[in-house]
Amino acid sequence: MDSRPRETDAPADPANGAAPSPAAAAGDVEIIKPRNDKREYRRVVLPNSLECLLISDPDTDKAAASMNVSVGYFCDPDGLEGLAHFLEHMLFYASEKYPIEDSYSKYIAEHGGSTNAFTSSERTNFYFDVNSDSFHDALDRFAQFFIKPLMSPDATLREIKAVDSENQKNLLSDPWRMSQLQKHLCAENHPYHKFSTGNWDTLEVKAKEKGLDTRLELIKFYDSHYSANLMQLVVYGKDSLDNLQNLVENKFCDITNVGRKPFSFPGHPCTSEHLQILVKAVPIKQGHTLRIIWPITPSVQRYKEGPCKYISHLIGHEGEGSLFHVLKKLGWAISLEAGEEDWSYDFSFFSVVIQLTDLGHEHMEDTIGLLFRYITLLQNSGTPKWIFDELQAICETGFHYRDKGPPISYVVNISSNMQIFPPEDWLIAASVPSKFSPDSIQNILNELTPENVRIFWESKKFEGQTNLTEPWYGTSYSVEAVPPSTITKWVEKAPEEDLHLPKHNIFIPSNLSLKSVEEKVIFPSMLRKTPFSRLWFKPDTMFFTPKAYIKMDFHCPLSQRSPESAVLTDLFTRLLMDYLNDYAYDAQVAGLYYAVRTNDTGFQITMVGYNDKMRTLLETVIGKIAEFEVKVDRFSVIKEAMTKEYENFKFRQPYQQAMYYCSLILEDQAWPWDEEFSALSHLEASDLGIFWPHLLAKTFIECYFSGNIESSEAESVIQHVEDVLFNAPISVCKPLSPSQHLAKRITHQDNTKQNVLLQLLALVGKQPAFHQLRSVEQLGYIALLRQINDSGVRGLQFIIQSTVKDPASLDARVENFLKMFEETVYQMSDAEFKSNVSALIDLKLEKYKNIREESTFFWGEISEGTLKFDRKETEVAALRELKKEELIEFFNDHVKVNAPQKKILSIQVYGGLHSAEYQTIVQNAPPPPSCEITDIYSFRRSRPLYGSFRGGVGQMKL
């Protein structure tokens, strides 16, 4: 896979920090935008040198803003690791103008919005979205982050604990651990070497030992670094450009410009002692990973030529003749990604990351030998222009037909681009290479040499064989020299394989015309129904893009009959994807996404992207299903990969494990991971060979086609599917008998009034819960309240992951919060109630932004059998009729402490820190009326269930 660089991770070109030209400052820059983009853009520079991009979108329901500050953890003072990240946390608390703690986040949450921030090496980005009619007030609160924030001593101490909790969450995460190990093995005097997150030790203990007051250091850092001329602002709203400009000038003119020069960090982090090394590291999870990394000249310096895009496309290719194709054929690799990473304007790395099989681990030297042999092939191939032309065509089409997405994501991406690229390229950035430069490509290829390489090899098999420890995450590792002569020997002894450049991509769309639709269609309709399938259809009458969306659910009663059948169905779909990859990888490259995955009723085909070649791809997938065979060598590789996934379940974050067990208890039919793991261990290729014809022998296909596709074409496609699978001389599939149609029973009724009351209560309680449980009590970095619908069970869900309290104590804190929350509910004014109802209505009336969003909603109604295509409109009508007293009554009956109809399911995951508390709780019976679930399946069978929303083929509830 080509792992393209993320434009949001690069720092500023120092040249871009110069004062803007008068024409640019006046907004006269012609910003390149997609052909189908009807939004208006304007660049503005305020008198304090704050650079702004205004985006006017009259059709938007959500407004958004992002402030990119060109200061990141590279600027952390020595000995105060994590200060920039800590400052990011602190700015959310309060300001001189809005001194009530968390009032900003509360306002955003109560007006249908969300807010967040992140700190990277050379930037800190703050962002939010909110319902459009609340944008002006929200923006005023947001602006105070950068004008007069308050950083109280009490909040400072509490938020250091939050940073520490965030770091604790990452300590057993292999991506964090390996990233820090790569930084550790670099020059100590380069900021790339730094520890970015911070923790209690760096921000409190060691600071005090040095006689430092962290709060004073924080204020000093803010005053000296957060300068208006180092900031880039994007605002996105309904207003006209002139109104947005007035808004920005009024709200942000008071940000101080201290005239700070843009930060730059010249020189590469790697010196000669950090090259030609092989690092063996012990990960947390099972699996073998090989990372081959070279320091290179940053391609952002030549972003219009896109040299790394060209090279990563070839090294990361997965089609016939590619490096991955060869490694896969040998049974050595599970996946391969290539691309630029950790890049800035001053330095960069090119990496190839290969997930190895057990056999591949034994052939590490041969694998690296084949990689260098392929690089030599590229160096000697003369950089064919047709490959660049294909890439350019794919990227141009992707840019000009880019789906409209959430404004909050859009503004973050653009504000990050503003730090790097000139104004005309703020939208397009480095996404479209426009100038073919063989020299630029060759220059990068010439840096991918044995003299320049760093090899990181991760495996649990290295336990007990290492002699060093990385200080921040405790990763065990060892380092040995790998001179170029050694690499040369690996290349020479690697097996002779047919490595060659890819063929032309047949999936690049050539027909981007739009189908004509005579009248606007709001909801899907059932277009076709046979004993084999049912087809739902909705043409695109909203987005007008040459894209389509297809879902096909294969309902197979055998798929979930036992843990063995569930695992065999999973193996079947994974092998299908494996077989398709050589041919269909090009489809993904060209913007046509596909997947075959298991679900709770069998398996599902998903396709979304350009409609031009979609039928070709779908017919190929169906053909592979009809002609399926079990290849023993590929079965073994897939089984090995699944085995490691099951073995790694216990390393999931505790809150993820809790959510898994919650779903397991609530689902009517689901098998636990440990039983599936046990089943997998004794399954062989012959078992799948026997199973798959029985899996498909009884099948019903539920289909949904949407987008730039005509009804006759959709019917024709499904007729072809039926002909191949059901009507062939020797057919793979037979229709279900009426009694076999799936009727999954559920544990909750779909009651509109109850649903909206629950959603409203979740909206009202979300921010108070976060403030109390996270900000005030500091129970943990992950502390939230949300509304859920899990297998038909709707409810309020608290999720808390903590190192300071055991799960039973967290339950008690939740109950304590609910007692406090009573006052919020009971004392809510009529105006506050109406405001919350309006915010929820606005959320529900938010328009779909692309075909994927729209189709996801409608497909959800079809797959669940509820078919409430007008659900949002119905719920809005119910909300308009809702009275405050009804919300209070709902709270009293279902949610408050000791509510008469309250039902609580508490999933408690105990870690090693609270083993003593765990022993106590398992030895003592829970206090009445609680009961301990000792057998999930007996408990699940004892619960009353309602009838399914689904009916049989002739019994669909319409």
Side-chain angles (χ1 to χ4, degrees), residues 82 85-86 88-89 92 102 105 109 114-119 157-177 180 196-201 203 284-285 472-474 648-666 673 762 765-788 790 795-818 821 904-922 933:
H85 175 226
F86 179 43
E88 170 221 306
H89 279 237
F92 280 81
D102 268 1
S105 298
S114 59
T115 181
N116 212 330
F118 66 85
T119 303
L157 193 63
R158 280 186 280 127
E159 205 55 28
I160 291 176
K161 293 178 181 177
V163 169
D164 187 67
S165 177
E166 182 177 356
N167 181 61
Q168 293 271 355
K169 171 183 69 70
N170 300 331
L171 290 179
L172 297 182
S173 167
D174 282 328
W176 283 93
R177 293 165 68 88
Q180 191 64 46
S196 61
T197 310
N199 58 29
W200 180 259
D201 194 46
L203 295 171
I284 297 297
K285 291 185 176 182
W472 298 109
Y473 291 83
N648 289 330
F649 176 88
K650 58 183 176 291
F651 297 116
R652 291 185 188 179
Q653 291 279 347
Y655 81 92
Q656 293 171 329
Q657 296 188 43
M659 291 167 66
Y660 165 82
Y661 283 110
C662 181
S663 294
L664 184 65
I665 289 169
L666 297 178
W673 72 272
K766 176 183 174 182
Q767 189 55 32
F770 178 86
H771 176 66
Q772 182 62 34
L773 302 175
R774 154 80 189 270
S775 300
V776 176
E777 298 187 32
Q778 285 297 328
L779 296 178
Y781 178 72
I782 297 171
L784 58 95
L785 166 64
R786 64 177 188 171
Q787 181 260 337
I788 63 156
D790 195 335
L796 293 176
Q797 185 178 63
F798 289 87
I799 300 174
I800 307 174
Q801 182 168 296
S802 179
T803 56
V804 297
K805 297 281 186 184
D806 67 278
S809 299
L810 295 177
D811 268 0
R813 299 318 303 159
V814 168
E815 290 291 285
N816 187 67
F817 165 75
L818 288 174
F821 186 55
I904 303 175
L905 174 61
S906 175
I907 311 293
Q908 302 182 355
V909 178
Y910 282 78
L913 287 174
H914 300 108
S915 53
E917 291 90 340
Y918 174 74
Q919 292 300 326
T920 300
I921 201 165
V922 295
I933 300 174

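What you see is a predicted model; the values in this text were computed from it and never measured.
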For F651, does the CZ atom sit with more than 12 other heavy atoms under 6.0 Å from it, leaving out its own atoms?
-> yes

Side-chain contact test, heavy atoms from C-beta onward, threshold under 4.5 Å: evaluate it for K766 versus L784 and give yes or no.
-> no

K285 backbone acceptor or donor facing D174 side chain under 3.5 Å | yes

Count the heavy atoms belonging to other residues, nucleotides or ligands that lie under 6.0 Å from NZ of K169, then report whether that count exceeds 12.
-> yes

So, for A658 and I907, which heavy atoms are closest and what is the spacing to 0.1 Å?
-> O-CG2, 3.6 Å

Non-hydrogen atoms of A783 and F770 that approach each other most closely = O-CD1, 3.4 Å

CG/N167 to OH/Y473 distance, rounded to the nearest 0.5 angstrom?
-> 5.0 Å

Non-hydrogen side-chain atoms of Y910 and S915 separated by less than 4.5 Å = no

Do you know the tightest heavy-atom contact between Q787 and A762?
-> CB-CB, 3.6 Å

Short side-chain to backbone donor-acceptor contact, R177 and L171, under 3.5 Å | yes

Is the backbone N or O of A162 less than 3.5 Å from a side-chain atom of Q778, with the two atoms forming a donor-acceptor pair by type?
-> yes

From Q908 atom CD to I921 atom CD1, the distance as rounded to the nearest 0.5 Å | 4.5 Å

Value for CG (L818) from CD (Q772), rounded to nearest 0.5 Å, stands at 11.5 Å

With under 30° as parallel and over 60° as perpendicular, where do the rings of H89 and H85 fit, or are they tilted in between?
-> perpendicular

Considering non-hydrogen atoms only, spot the tightest contact between G765 and P768 and give its length.
-> O-CD, 3.4 Å

Report the distance from atom CD1 of I933 to atom CD1 of I665, rounding to the nearest 0.5 Å.
-> 4.0 Å

Stepwise side chain to side chain donor-acceptor pair (under 3.5 Å) test for S809 and D806 = CA-CA 5 Å; S809 299; D806 67 278; 2.7 Å; yes

Residue pair Q797 / C662: nearest heavy atoms and the distance that separates them | NE2-SG, 4.0 Å

d(I799 CD1, Q656 CD) to nearest 0.5 Å is 10.0 Å

Contacts of E166 meeting salt bridge (charged side-chain N to carboxylate O under 4.0 Å, His left out) (sequence neighbours excluded), chain-then-number -> none

Is a donor on one side and an acceptor on the other found under 3.5 Å between the side chain of Q801 and the backbone of Y655?
-> yes

Closest contact, heavy atoms only, S663 versus D790 | OG-OD2, 2.7 Å

Main-chain N/O of K650 paired with Q657 side-chain donor or acceptor, under 3.5 Å | yes

side-chain hydrogen bond (donor to acceptor under 3.5 Å, both in side chains) partners of S165, counting only residues at least two apart | none

To the nearest 0.5 Å, atom CZ of R774 lies from atom CG of L779 at 11.0 Å

Determine yes or no for a side-chain-to-main-chain donor-acceptor pair under 3.5 angstrom, with E88 supplying the side chain and T119 the backbone.
-> yes

Return yes if some donor-acceptor pair links the side-chain N/O of Y661 with the main-chain N/O of V909 below 3.5 Å, else return no.
-> no

Decide yes or no for R652 and Y660: does some side-chain heavy atom of the first lie under 4.5 Å from some side-chain heavy atom of the second?
-> yes

